[in-house]
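Let me begin by presenting the structure, written as structure tokens, before commenting on it.
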Amino acid sequence: MTGRGRPGKARSPDTKCATCKTRPEELKPYVPKSPGKGFAEEKQKRTTKEQKPKVQKKAVRFEEKPHVQSTCKDKTTKPFTEKTNKQQSTPTEITKVPVQVTKACAKRAETTEQSVEKITKTPKDTTKGSLKPTKAKKCGGKAKSAEKNLEELTKVQPDAPKDTTTASMKTTKAKTCADKAKSPGKIKETTTEMLPETPKKTTKVCVPQERREDKVNSILNKTLENLKIKRDERSDAAEVINKIVKTITVHLKKNTQCFKEVTDLPTGSYYENLKISKPDEFDIMLAIPVDRVNVNPFGDDGAYYSVELKRGESPLQKFLEKNILSASKMLKEFRDEVKKCVKRFPVCKPWKIGCPAVTLTTTVQSIAISLDVVLSIMVKSSWPPFTNEGIKIDGWLGTKEKQEYKRKPYYLVPKYEGRGNVENDGVLAKDTWRVSFSHIEKAILKNHGSEKTCCEKAGARCCRKDCLKLLKHLLKLLKEKDSSFDKFCSYHAKTTLLHACCSRTKDSDWIGSNLSSCFQLLLKDFIGHLEAGVLNNFFIPTQNLLSGPTQSKCKSLALRIREEWENGFPIFK
DNA sequence: CATGTTCGCGAGTGC
DNA sequence: GCACTCGCGAACAT
């Protein structure tokens, strides 16, 4: 039971600003494939796939990336056009990819131009069908808690401009009720409601706000539906990415001394099941264990550190500068090694100063994919004192869980801000490391319920992750519309959710059918952080993740979000 | 809604 | 210590 119930610990860092990486190409019109043919081919593909030796699947996994929280590294990912596609011409480095290569190809071609966004708008017929049920279901659920939602909403939106809505609502009230009556399951209630003698609840349910609520609810659910990652796309991307990662780790283990002990930690939203739209960003943290180190803060926010190796033999000695482990030296070598083994790969890598990742990009079935390979060192001693006031999950996940997490190692990634040659106590900024808890983030998100059964088959489904997906999506869309928001990233959204979970700790605060009100509460939180210009790192509260963007940018983003909210999220439509 | 598929992931096993 | 297998959960799909 230990094993399977709640594995508890996995790691997932989602540090990177997914948003930063947003590529316009991601949003292209969706071209539905013809039902008949598509289906047939689909079948075929699947079968073919099954034939591929399963063996292969296991091995590879991706690492997590260190967070790039406050400073969104703008990875100028240039989708370059390589064809990793399945052609026999597969790069030699990659282990032979038998059968499947061909298979996907054929079918793929058709799907190429799909884009998430469109999908949303033009649900293919099939999707539509499935959507309906969902919707209906939600409504049903909602109805039950209508009163509650209403209250919450009212509270939440102080100055919501529902005046107009309200007005129209009133007039349409009767109609709403009537409509409702039509929906199965509702009939009973409705009937009662219609009776003059039973005005109470009935009336309440039919209030204008509820109508608005229904609409918002429907939009959010539809949006979520469209954010789902297609199975085939995921499959194809995973195949390529896993192969690349495998290649890299094998190379490092076999051909290097200093990185021999590497282990890979898949992190980031893909591995947290929080990736939206397309499987186009992967984060793999490649961790090198270090023993006997002294870790000293660099700067005053507790996020950056210098690492001193105590005496003794270590494969990392070549990276020492006066006993200090030089992040820049180590990263340089790491990058060179990675480059070596992916040379024949359809990958290329631009890289930003101060960025801990080697970003590889490729194209799989017309989807530009980036893989951030992040060097990190794993420190097994206790967490830095700056974390003492962080990770306040006692009321949510429990103290024991927290202790479990704190017993795990933490990671440091070669990342700095500002100028690399700035010196502090004899240490150069470029040789410093930023702490990363992506593995803990991943574990927490995977195991996010106050009840052990949250989201399990036997338990109640919550909407925590759905809320986060929506917030990420909203932020991403706003950034696309206004490039001056580029300093904001998905890590801000994730951190906001983590804080929110600590203040609304019970699973009943996040009931799945209350998506709309929960999401709006989360927005309220986010707006609050933006207006205050303060969003503390979840693990290191002394670090303000909003110190990057200016106050006025924060305020204007807050304003934009409020606008969307008050108008029923037109941006999602 | 129930059932099936695939990927990710931890546990177990054998070497 | 490893590589590999097995079985399960999550999410997508039918």
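So that the names make sense, note that chain A is the first sequence line, chain B the second, and so on, each numbered from 1.
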Item to check | Spacing between D232(A) atom CG and dA11(C) atom P, to the nearest angstrom | outcome: 19 Å
Next on the checklist: With a cut-off of less than 4.0 Å, is there a side-chain N or O of S235(A) near OP1 or OP2 of dC7(B)?
Outcome noted: yes
Checklist entry - K230(A) has an atom NZ; how far is it from atom P of dA11(C), in whole Å? => result 16 Å
Item to check | First of K253(A) and I229(A) reached from the 5' end of DNA chain C, by closest nucleotide | outcome: K253(A)
Next on the checklist: Tell me if the NZ atom of K215(A) is crowded by more than 12 foreign heavy atoms within 6.0 Å.
Outcome noted: no
Checklist entry - Tell me: CD of E233(A) to P of dT5(B), nearest whole Å? => result 21 Å
Checklist entry - Roughly how far apart are H448(A) NE2 and K465(A) NZ, rounded to 0.5 Å? => result 6.5 Å
Next on the checklist: Is the distance from the ring center of F519(A) to that of F569(A) below 6.0 Å?
Outcome noted: yes
Next on the checklist: Need to verify one output field. Residue with the more 5' nearest nucleotide on DNA chain C, K260(A) or K465(A)?
Outcome noted: K260(A)
Item to check | Phosphate OP1/OP2 of dG8(B): any Y270(A) side-chain N/O under 4.0 Å | outcome: yes
Next on the checklist: Tell me whether the side-chain N/O atoms of N242(A) come closer than 4.0 Å to OP1 or OP2 in dG8(B).
Outcome noted: yes
Next on the checklist: Centroid separation under 6.0 Å, is that true for the rings of F572(A) and H473(A)?
Outcome noted: yes
Next on the checklist: Nearest to the side chain of R234(A), heavy atoms from C-beta on, is which of dT6(B), dC9(B), dA10(C)?
Outcome noted: dT6(B)
Checklist entry - If you check the R461(A) side chain, which of dG9(C), dA11(C), dC12(C) turns out closest? => result dA11(C)
